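Note that the coordinates shown come from a computational prediction; the quantities given were computed from them, not determined experimentally. Counting starts at 1 for both ligands and their atoms, in listed order.
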Amino acid sequence: MNATLQNTLNAPRYRNDGTLVIQGGRPIHGTIKVRGAKNSVPKNMVAALLTEEITEIRSVADVRDVAIMAELVAAIGGQVTRNALDGSLTMDPRHIAPMSPDTAAHFSDISRIPILLCGPLLHRFGEAFIPNLGGCVIGARPIDFHLAALKQFGATLEERADGIYLTATHLRGARINLDFPSVGATEQVILTAVLAEGETELSNAAVEPEIMDLIGQLQKMGAQITVETDRVIRINGVKKLRGCVHVALPDRLEVASWACAAAATDGEIFVEGARHGDLFAFLNAYMRAGGDFEVTETGIWFRRSQQGLHPVCLETGVHPGFMTDWQQPFATMLTQAAGVSIIHETVYEGRFGYVHALNKMGANIALRTDCLGSRCRFGRLNHEHSAIISGPTPMQGSHIAIPDLRAGFSYVIAGLIANGTSHISNIGLIQRGYEFFNEKLTSLNVDFEITGRNNK
Ligand code: UD1
């Protein structure tokens, strides 16, 4: 069953509405499968625009961020064909054109991925218009590193009310240092440098598995990229790239989310497709907190250990540290650990907004502005970026509204733990990053229904 996306500007906007009504208080058991990562596949799709040949991306999850990117590529003239049966995505970028103002307006404020189109569009057309960015509201999320790097490559930028207009007659390799190892800025530099003239040296680069995956895809396309020690990535620009077949990286964020749900409810989940090598930091913390796991050839089992959940102190950080997107489901799991846990968030200054809803349901989480751990960028800035979680606390079903994607999953875990009925609104947001969400809840025997418009 193939679906080819053509110009979809008349398609309805993505909706976050719909309410998950969930009966909690029971362990969840069963098997679910993860496929290509939400934080990886859209970047694989951007990379595919660097060539005029066809690229096939396999094992792509049916999540909204991929659909938005497919629509965007189709809207600028590319052909994206999705095989719904095997999850492969074929991209034919031969006929793409610069983005028109109408197209940019349509994609304004719904995703952060368009910023990564700068390099590919500049290489192909000498100009790029990037709409205003969307994405989860978890901090200020500036793009200053991206813009500074693009200037270093030789691009000229003009910030307009509805986005950024860039031009470049010639992109040259550059020596770029990031003030913080930003994932997006690292991807920006790589995606621009691969076809720029000469060598680019990127220092203080992010080295997340999603970035290594992107580098792997680009190498298959003919790029020359070396990952050196101490966060240095060196790229020698080539004249042309070719298409390739790439199997998407399994979603390590989704794996960790379900792992936390299993231990939090004292259930057991087998996550088919989970890749052990991407989860070391998570599994270390999971074990310390009383989670138990077992790696098999096809996936990983997750459950609570017989000793029960223990409090832990941890801080989020860039890879190979404990990832910031693991923090929300992990904190929710820790509400059920006996004792006081501490989480220090060092990647985003505004990532604890969700705890108020958990407290409303019975959790005991206090937020602090000081660094409860090593000193970080946010310590002096009065951001509530440390959390003290006292547990275990019984939780009661409540009415809560999802503010962002990962917070959304933590509310689902809270609803699963809680006694009684929870009404979790904005459940459509979950579809940005968790595929077949309703089907997975069904296969885990969760007692739930979706009310409102979102029935996917
Ligand atoms: C990506 C992930 C997100 C994850 C994050 C960190 C995607 C689609 N999203 O987001 O899920 O939580 O990495 O692992 O892949 N910063 C600046 N200036 C910039 C860029 C970033 O100050 O120009 C700061 C940010 O405000 C933040 C930190 O750097 O405090 C990390 O952000 P970054 O790694 O860029 O996150 P994203 O790539 O947006």
Side-chain angles (χ1 to χ4, degrees), residues 36-47 61 63-69 72 110-118 130 133-152 157 159 164 176-192 202 204-214 231 248-249 251-257 278 281-282 315-330 344-352 354 376-379 381 383 385 404-410 429 432-434:
K38 166 215 163 261
N39 281 358
S40 216
V41 173
K43 288 102 179 245
N44 298 142
M45 296 169 76
V46 175
V63 292
R64 191 197 293 182
D65 277 22
V66 170
I68 290 171
M69 197 56 209
L72 179 52
I110 58 171
S111 167
R112 296 190 69 73
I113 304 297
I115 189 68
L116 297 179
L117 290 169
C118 295
I130 305 298
L133 304 180
C136 292
V137 184
I138 49 180
R141 307 193 82 176
I143 50 167
D144 49 337
F145 303 163
H146 295 251
L147 303 185
L150 288 160
K151 280 186 195 159
Q152 281 189 260
L157 276 68
E159 294 196 38
I164 302 169
I176 297 166
N177 176 67
L178 299 178
D179 286 346
F180 184 83
S182 150
V183 171
T186 299
E187 291 160 343
Q188 179 78 264
V189 170
I190 293 171
L191 288 163
T192 307
L202 175 64
N204 205 22
V207 292
E208 267 62 5
E210 292 78 11
I211 291 169
M212 294 304 121
D213 178 72
L214 179 65
R231 299 190 175 278
L249 181 77
D251 198 316
R252 67 190 175 116
L253 313 188
E254 186 177 3
V255 175
S257 302
D278 300 332
F282 174 78
E315 66 185 18
T316 63
V318 295
H319 190 76
F322 187 93
M323 200 194 175
T324 170
D325 298 53
W326 294 330
Q327 183 255 95
Q328 304 80 353
F330 206 88
H344 179 213
E345 168 65 52
T346 74
V347 180
Y348 286 109
E349 67 275 29
R351 229 169 177 180
F352 278 123
Y354 69 97
C376 78
R377 296 172 293 158
F378 309 136
L381 299 173
H383 297 299
H385 71 297
D404 66 74
L405 177 63
R406 304 298 162 194
F409 199 95
S410 74
L429 260 174
R432 281 196 48 221
Y434 296 88

* Heavy atom of Arg406, distance to ligand 1 below 4.0 Å -> no
* Is the shortest N/O to N/O distance between Phe145 and ligand 1 below 3.5 Å? -> yes
* **ligand 1 versus Met323: contacting region, heavy-atom distance under 4.0 Å** => side chain
* To do: Over all heavy atoms of both residues, which pair between Ser410 and Pro329 is shortest? Give the atoms and the distance, please.
  => CB-N, 4.0 Å
* Starting at CG of Asp404, measure out to OH of Tyr354 and round the result to the nearest 0.5 Å. => 9.5 Å
* Asked: Within the side chain of Arg432, is there an N or O that forms a donor-acceptor pair under 3.5 Å with the backbone of Asp65?
  -> no
* **Where ligand 1 meets Gly184 - atom numbers and elements under 4.0 angstrom, heavy-atom basis** => 35 (O), 38 (O)
* Mark up the atoms of ligand 1 that fall under 4.0 Å of a heavy atom belonging to Arg377, in ascending order. => 30 (O)
* Using the salt bridge (charged side-chain N to carboxylate O under 4.0 Å, His left out) rule, collect all pairs that involve residues 179-189, keeping only residues at least two apart or in two chains. => Lys43-Glu187
* Search all heavy atoms of Trp326 against all heavy atoms of Gly321 and return the closest pair with its distance. => CZ3-O, 4.0 Å
* Shortest non-hydrogen contact from Thr346 to Gly317? -> OG1-CA, 3.8 Å
* Using distance alone, decide if ligand 1 has a nitrogen or oxygen within less than 3.5 Å of any nitrogen or oxygen in Tyr348. => yes
* Asked: So which of Gly317, Pro142, Cys376 gets nearest to atom 26 (O) of ligand 1, if we judge by its closest heavy atom?
  -> Pro142
* Polar contact flag for Pro181 and ligand 1 (N/O pairs, less than 3.5 Å) -> no
* N/O of Leu253 under 3.5 Å from N/O of ligand 1, yes or no? -> no
* Asked: Nearest heavy atom to atom 34 (O) of ligand 1: which of Asp404, Val183, Ile113, Asp179 does it belong to?
  -> Val183
* N/O of Glu208 under 3.5 Å from N/O of ligand 1, yes or no? -> no
* Asked: Going by distance only, is there an N or O of Ala185 that falls short of 3.5 Å from an N or O of ligand 1?
  -> no
* Glu345, Glu315, Arg406 screened by side-chain hydrogen bond (donor to acceptor under 3.5 Å, both in side chains) with Thr324, the one that passes -> Glu345
* With Gln188 via side chain to side chain donor-acceptor pair (under 3.5 Å) - residues at least two apart -> His146
* Asked: What part of Glu187, side chain from CB on, backbone N/CA/C/O, both or neither, has a heavy atom under 4.0 Å from ligand 1?
  -> neither
* Those atoms of ligand 1 less than 4.0 Å from some heavy atom in His146 -> 23 (O)
* Can Ala206 be said to touch ligand 1, with heavy atoms closer than 4.0 Å? -> no
* Nearest 0.5 Å please: distance from the CG atom of Leu405 over to the CD atom of Gln328. => 9.0 Å
* Structure fact -> For His385 and Cys376 the tightest heavy-atom approach is NE2-SG, 3.4 Å
* Under 4.0 Å from ligand 1, counting heavy atoms only, is it the side chain of Asp144, its backbone, both or neither? -> both
* **Test item, Arg351 contacting ligand 1 (heavy atom, 4.0 angstrom)** => yes
* Asked: Numbering the atoms of ligand 1 from 1, which are under 4.0 Å from a heavy atom of Arg112?
  -> 39 (O)
* CG on Asp278 to CG on Leu253, rounded to 0.5 Å -> 10.0 Å
* **Atoms of ligand 1, numbered as shown, that sit under 4.0 Å from any heavy atom of Val347** => 27 (C), 28 (C), 30 (O), 31 (C)
* Looking at Thr324, which atoms of ligand 1 are within less than 4.0 Å of one of its heavy atoms? -> 6 (C), 12 (O)
* If you draw the axis of the six-membered ring of Phe282, does the NZ or CZ of Arg252 fall within 45° of it and under 6.0 Å from the ring centre? -> no
* To do: Work out which heavy atom in Arg112 is nearest to a heavy atom in Ile143; give both atom names and the distance.
  => NH2-CG2, 3.8 Å
* Below 3.5 angstrom, do we get any N/O pair linking Ser182 and ligand 1? -> yes
* Asked: Any idea which heavy atoms bring Tyr348 and Phe378 closest together, and the distance?
  -> C-CE1, 3.5 Å
* Quick one: which of His319, Gln188, Glu349, Lys43 has a heavy atom closest to atom 15 (O) of ligand 1? -> Lys43
* **Glu210 to ligand 1, any heavy atom closer than 4.0 Å** => no
* **Asp325, portion touching ligand 1 at heavy-atom distance under 4.0 Å** => side chain
